[in-house]
Number of protein chains: 2
Amino acid sequence: MKWDALEEEPCSLARTVAVIGDRWSLLILRECFLRIRRFDDFQSSLGVTRHLLADRLKKLVRFGVLRKIPYQDAPKRYEYILTQKGLDLYPIIMSIVHWGNIHMVDSRGRPLLHEHKNCHKMFDPVMVCSECGEPLTAKAVHVHPGPGARRTIA
Amino acid sequence: MKWDALEEEPCSLARTVAVIGDRWSLLILRECFLRIRRFDDFQSSLGVTRHLLADRLKKLVRFGVLRKIPYQDAPKRYEYILTQKGLDLYPIIMSIVHWGNIHMVDSRGRPLLHEHKNCHKMFDPVMVCSECGEPLTAKAVHVHPGPGARRTIA
DNA sequence: ATTGACAGTTCTAAAATAGAACTTTAGGAT
DNA sequence: ATCCTAAAGTTCTATTTTAGAACTGTCAAT
């Protein structure tokens, strides 16, 4: 299966994976949320090759996750900032970070702590149901075909 | 940078990406949450090559996300089921699905709908602060170095 | 004895990635 | 005028990963 085929699948996970489902895209997005915006800053903080960085930035712009904004005129230079579509990736990034915090830390503990500006406390992200507000678990969810489901073959 | 190097980074996102940060691992996990458990079922529902499927399943077992459970004796056969560590990936999977539902659906709408068994309603996942319960946004979060932070070079 | 299911393994060709060097545009120092 | 530096890429070759198909081994059923 080729990468482009993923975008066409009748599956919201597959289509999202087509956008962010590779290692460098996710690491680039991490940097974006940490306020990194410029090519060389991405390159030096990530250690990604310039070739791949250029490729992934182009792809993220194409998908509308990042936007190029000029920050100087001569020579013309741009920085990459998150669009609203990109900002909406925050729950994905945070849930990835949280899983790593729980399951992948070494003896020294968490690399980063997160403070919520609303309540001024260090927090963890919790995923809840939009309707009843209870925390979600896989076992408490039942899946139904939606309007965009693939029609059954037989 | 090599894949193994990711696991050593002082970053919970990078370490998680070392486990699930590739296209097939994420798609395999989707199937796991949809109750797929056996090699040939993964293979036919995903269209992944058998080679890569075997490789990824091995890796997910090695990281403790899946476990092989015998389901028949002659010949010895196993199925792959999510461990607690694997079940804890649910918020990641759901937030990926949700982003796709919002930003990647075509005119036909969502491929799947999710019903919460607690409240019997179709829901969306919402990420909230563990301390105050308010929905989280990137702009409302401030990051601090934690105990496992990389010491500054200079 | 032959066929089929299941769970892989092996093989070659094609694609993606790593790593380093090179290019372009322009400002400032000598 | 010439050289040096900065930023943002682009180009090149070698290595690694992936795709796609065929093959292997174990056992049950016919």
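Below, chain A is the first sequence line, B the second, and so on; all start at residue 1.
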Taking only N and O in the side chain of [X], is any of them less than 4.0 Å away from OP1 or OP2 of [N]?
X: A/K68; N: D/dG9; answer: yes
X: B/W24; N: D/dA19; answer: yes
X: A/R23; N: C/dA18; answer: yes
X: B/K59; N: D/dT17; answer: no

[atom1] of [X] versus [atom2] of [N]: gap in Å, rounded?
X: A/D40; N: D/dT5; atom1: CG; atom2: P; value: 15 Å
X: A/D41; N: D/dA6; atom1: CG; atom2: C1'; value: 12 Å
X: A/I28; N: D/dA8; atom1: CD1; atom2: P; value: 14 Å
X: A/F39; N: D/dG9; atom1: CZ; atom2: P; value: 6 Å
X: B/H51; N: C/dT9; atom1: NE2; atom2: P; value: 9 Å
X: B/I36; N: C/dC6; atom1: CD1; atom2: P; value: 13 Å
X: A/L46; N: C/dT17; atom1: CG; atom2: C1'; value: 15 Å
X: B/L57; N: C/dG8; atom1: CG; atom2: C1'; value: 10 Å

| said: Please confirm whether the ring centroid of A/H116 lies under 6.0 Å from the ring centroid of A/H114. | reply: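 No, the ring centres sit 6.0 Å or more apart.
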| query | Under a 4.5 Å side-chain heavy-atom rule over Ile, Leu, Val, Met, Phe, Trp and Tyr, are B/V126 and B/L89 clustered together? | reply |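 As far as the 4.5 Å side-chain criterion goes, B/L89 and B/V126 are not connected within one cluster.
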Any donor-acceptor N/O pair, [X] side chain to [Y] backbone, under 3.5 Å:
X: B/T83; Y: B/R67; result: no
X: B/R15; Y: B/E9; result: yes
X: B/K68; Y: B/K58; result: no

| query | Given B/R35 and B/D41, is the salt bridge (charged side-chain N to carboxylate O under 4.0 Å, His left out) satisfied, shown in steps? | reply | CA-CA 10 Å; B/R35 274 70 173 180; B/D41 293 337; over 6 Å; no
| request: Using the side chain to side chain contact (heavy atoms under 4.5 Å, CB included) rule, pick out the option among A/I92, A/V19, A/L34, A/I93 that qualifies with A/L29. | output: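 For A/L29, the side chain to side chain contact (heavy atoms under 4.5 Å, CB included) test succeeds with only one of A/I92, A/V19, A/L34, A/I93, which is A/I93.
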| query | CG/B/L57 to CZ/B/F39 distance, rounded to the nearest 0.5 angstrom? | reply |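 Rounded to the nearest 0.5 Å, the CG-CZ separation comes to 6.5 Å.
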| task | Name the residue closer to the 5' end of DNA chain D, choosing between A/A54 and A/Q72 according to the nucleotide with the nearest heavy atom. | result |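 Going by which nucleotide is closer to the 5' end, it is A/Q72.
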Just the table, please: protein N/O against nucleotides 23-30 of chain D N/O, every pair under 3.5 Å.
| from | atom 1 | to | atom 2 | distance (Å) |
| --- | --- | --- | --- | --- |
| D/dC27 | O3' | B/A74 | O | 3.3 |

| Contact class for B/Y71 (heavy atom, under 4.0 Å): base, sugar-phosphate, or nothing? |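 Sugar-phosphate contact only - B/Y71 comes under 4.0 Å of backbone atoms but never of a base.
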| task | Establish, for the pair B/R38 and B/Y71, whether the NZ or CZ atom is under 6.0 angstrom from the six-membered ring centre and no further than 45 degrees off its axis. | result |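 Here B/R38 passes the 6.0 Å and 45° test against B/Y71.
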| task | Determine to 10° how strongly the helix from C/dA1-D/dT30 to C/dT30-D/dA1 is bent, judged from the axes of its five-pair ends. | result |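 Inter-axis angle at the ends, rounded: 10°.
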| message | Looking at A/K139, I'd like to know if its NZ atom is crowded, meaning that more than 12 non-hydrogen atoms belonging to other residues, nucleotides or ligands lie closer than 6.0 Å. | response |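 Open.
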| task | Nearest-nucleotide wise, let me know which of A/D55 and B/Y80 is further upstream toward the 5' end of DNA chain C. | result |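 Nearest-nucleotide comparison on DNA chain C picks B/Y80.
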